[in-house]
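Report on the following structure.
Order of the sequence lines sets the chain letters (A, B, ...), proteins ahead of strands, with each chain counted from 1.
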Number of protein chains: 2
Amino acid sequence: MARSESGGSSRTATLSDVARLAGVSLATASKAINGRDQVAAATRRRVIEAAESLSFTPNALARSLTAGRTGTVGLLTSDLEGRFVIPILMGAEDAFGAGQVNVFLCDARGDAIREQHHLKALLNRRVDGIIVVGRQTDPRPSLGHDLPVPVVYAYAPSDDDTDVSVTPDNVTGGRLAAEHLIATGRRRIAHISGDPAYAAAQDRTVGVQAALADAGLELVGDVLYSEWTEHWGRDASALLLASHPDVDGIVCGSDQIARGVLDTLRDLDKRVPEDVAVIGYDNWEVLATNSRPELTSIDANLKQLGRAAAMRIFDAIDGAEPATGVQYLPVRLVIRGSTIPRR
Amino acid sequence: MARSESGGSSRTATLSDVARLAGVSLATASKAINGRDQVAAATRRRVIEAAESLSFTPNALARSLTAGRTGTVGLLTSDLEGRFVIPILMGAEDAFGAGQVNVFLCDARGDAIREQHHLKALLNRRVDGIIVVGRQTDPRPSLGHDLPVPVVYAYAPSDDDTDVSVTPDNVTGGRLAAEHLIATGRRRIAHISGDPAYAAAQDRTVGVQAALADAGLELVGDVLYSEWTEHWGRDASALLLASHPDVDGIVCGSDQIARGVLDTLRDLDKRVPEDVAVIGYDNWEVLATNSRPELTSIDANLKQLGRAAAMRIFDAIDGAEPATGVQYLPVRLVIRGSTIPRR
DNA sequence: CTGTTAGCGCCTTCAA
DNA sequence: TTGAAGGCGCTAACAG
């Protein structure tokens, strides 16, 4: 176990230790170390040297106590398992990490009590702001407005329109997917999606339908909803092909579903993309780049979403009164072999 | 944006506000709130009421300043992308979260400079301990021994044997996998793995070989090493079956590889598990439970590993001098349809 | 049982 | 340019 007891003066050095060693007062030492300009160059050098020789590290707690700001932000997630949370978290950590901000990670595991508990802990620690990250795009309960720090909701927007929320634009995502299939010449397009209780499923469908309508097309069959799994993708596409063997394009609600669809098409000796084009959703690389053929998909830019959330927090800390309501962030099409033949 | 300005007294209440409102001294208020037993019941009630009416929250920073402990721990990861880091992080967050400890998350993104930077920040914030989480099981450079707080290395052990490290037991994992195939009656067993530069690949192979040797068997062909991908799984198994068509069991170095293997076996009209049994590694549920048939795999119990790391930190904070060196944590076999026929 | 008095480690006036 | 003093919010001795 790493412990410093090596030296002898076990206690970590404080500023007054530095001051004493440098032969100056506490105030001067403070100024010297913080780069204040009211200190002689020689004095500063002496102080810095003393600090280094004692391997002095300023106590951020003490500093925060007077400063009023801690340079910390709470990341309150309801579900760390979810693979959507991680990129968002990375984006946020990224945006903050560049500066002087550190992130407290709290996983409430979908439990409102635990969430409340963590919230309280974060406030006790005087975080400068809080990002709430949900695992679905369905609106979630607001933490309320009587909090002493700014709050931003990411992925799962707040159900309160006077809160600040950022979430991916699933409607446009669905639209992009369908428009891409249309652009590659498909006319008999079907849609297989996941759990219809998810806002994500509904929103994407809206986008798909809108794109088809704009092109004067109609969806082949009804939207097939069930689960976000490969199994469902296999079953649904078998069902679909049985009743509509002339389908030439399938928009899938997730990459997992799309993987299942690819499996079934292969079993049925349909060529992808020549006979049927398939597009997934989420751009989950490990799934999308390992399929045969590789999977075209919609990427929600989650890392950027996390960064955007961090920016909102920054703005709020800096005193700006940001626009409330839900902001829908752009998604992007990633084209691979499942919609365009490789040459 | 949620702000408290609703009330009027914008500043968050402090203990002396509470004391004043309750008509007692600061010290008494402190005792009342912290459940000290030297305070009259009635007084305590009054103080608590005052605190509530002011929605007072104790300032953890001020408290930590005197206490010497902050109740925070740093989680220093080199690579948040990695899917191994997350469960470990969850396990740790879990173990801590139950108590009064909060976790600072820092992602160094594989950059030593950034890691050093984060380390310094964590020390400035006076964390009570640090968990370093790597993305591979290969040993990583030690942070050194001149740190004022305990450090535990998880997943990627420290290359310094006087540090404390916890990592999954890959050798036993490989052994478990091979033993399971042997137990199901397989005798012509091959091994397809990932990048041979990974300790994980080497360790698992050692376990596989040992199990075979114990059973008086030899590996069919050489170990096939390349990448941890489905593509490689497909290619390698095609290669394998071409030269050794009589193989009846394949130990795979990862679930991704195993998925590729299943694909190829299906293309070659081999039945799994009747003709060939396949076992993966990692028990990555989304891959393992969506394949046809579902994939038997080895689970590294990463959540528990995270918990174990947290425990080591607790112990060290409580003053115990924990055993140094690398501790190998048990893994477990998860049996599904790819090795045992469903009835 | 309650209140007074010192700090914890640092920063910031304000004098010298 | 330097130093002395006060305070951030709280807790822990001590007295009363």
message: Applying side-chain contact (heavy atoms from CB on, under 4.5 Å), can you list everything that pairs with Leu143(B), at least two apart in sequence or on another chain?
response: Leu76(B), Glu115(B), Leu119(B), Val132(B), Arg140(B), Leu147(B), Val151(B), Tyr153(B)

message: Can a donor-acceptor pair be found, under 3.5 Å and without considering hydrogens, that links the side chain of Ser55(B) to the backbone of Glu52(B)?
response: no

message: Less than 4.0 angstrom between a side-chain N/O of Ser25(B) and OP1 or OP2 of dT2(C), yes or no?
response: no

task: May I have the distance from Arg69(B) (atom CZ) to dA12(D) (atom P), rounded to whole angstrom?
output: 11 Å

Pair up each side-chain donor or acceptor in residues 36-47 of chain A with any protein partner under 3.5 Å, not counting sequence neighbours, and list the distances.
from: Arg44(A); atom 1: NE; to: Ala32(A); atom 2: O; distance (Å): 3.3
from: Arg44(A); atom 1: NH2; to: Arg36(A); atom 2: O; distance (Å): 2.2
from: Arg46(A); atom 1: NH1; to: Ala22(A); atom 2: O; distance (Å): 2.6

task: Please list residues of residues 41-55 of chain A whose heavy atoms come under 4.0 Å from any atom in DNA chain C, ordered by number; otherwise none.
output: none

message: Based on the rotation axes of five pairs at each end, what angle does the helix from dC1(C)-dG16(D) to dA16(C)-dT1(D) bend through, to 10°?
response: 50°

- prompt: Among all residues two or more places apart in sequence or in another chain, which pass the side-chain contact (heavy atoms from CB on, under 4.5 Å) test with Ala62(A)?
  reply: Asn59(A), Leu65(B)

- prompt: How does protein reach along nucleotides 7-16 of chain C, written 5' to 3' as B (base within reach of a heavy atom under 4.0 Å), S (only sugar-phosphate), or - (no contact)?
  reply: BBBBBB----

- request: Identify, with sequence neighbours excluded, every residue that meets ring-ring contact (aromatic ring centres under 6.0 Å, His included) alongside Phe84(B).
  value: Tyr155(B)

- line: Residue set satisfying side-chain contact (heavy atoms from CB on, under 4.5 Å) with Ala51(B), at least two apart, ordered chain then number -> Val18(B), Ile33(B), Phe56(B)

query: Who pairs with Phe104(A) by ring-ring contact (aromatic ring centres under 6.0 Å, His included), at least two apart in sequence or on another chain?
result: Phe104(B)

- request: Quick one: list whatever passes side-chain contact (heavy atoms from CB on, under 4.5 Å) with Asn301(B), sequence neighbours left out.
  value: Asp299(B), Gln304(B), Arg332(B)

message: Going by the rule ring-ring contact (aromatic ring centres under 6.0 Å, His included), which residues pair with Phe314(B) if we only count those two or more places apart in sequence or in a different chain?
response: Phe96(B)

message: Tell me which pairs pass salt bridge (charged side-chain N to carboxylate O under 4.0 Å, His left out) where either residue lies in residues 90-111 of chain A, with sequence neighbours left out.
response: Asp94(A)-Arg307(A), Asp94(A)-Arg109(B), Arg109(A)-Asp94(B), Asp111(A)-Arg114(A)

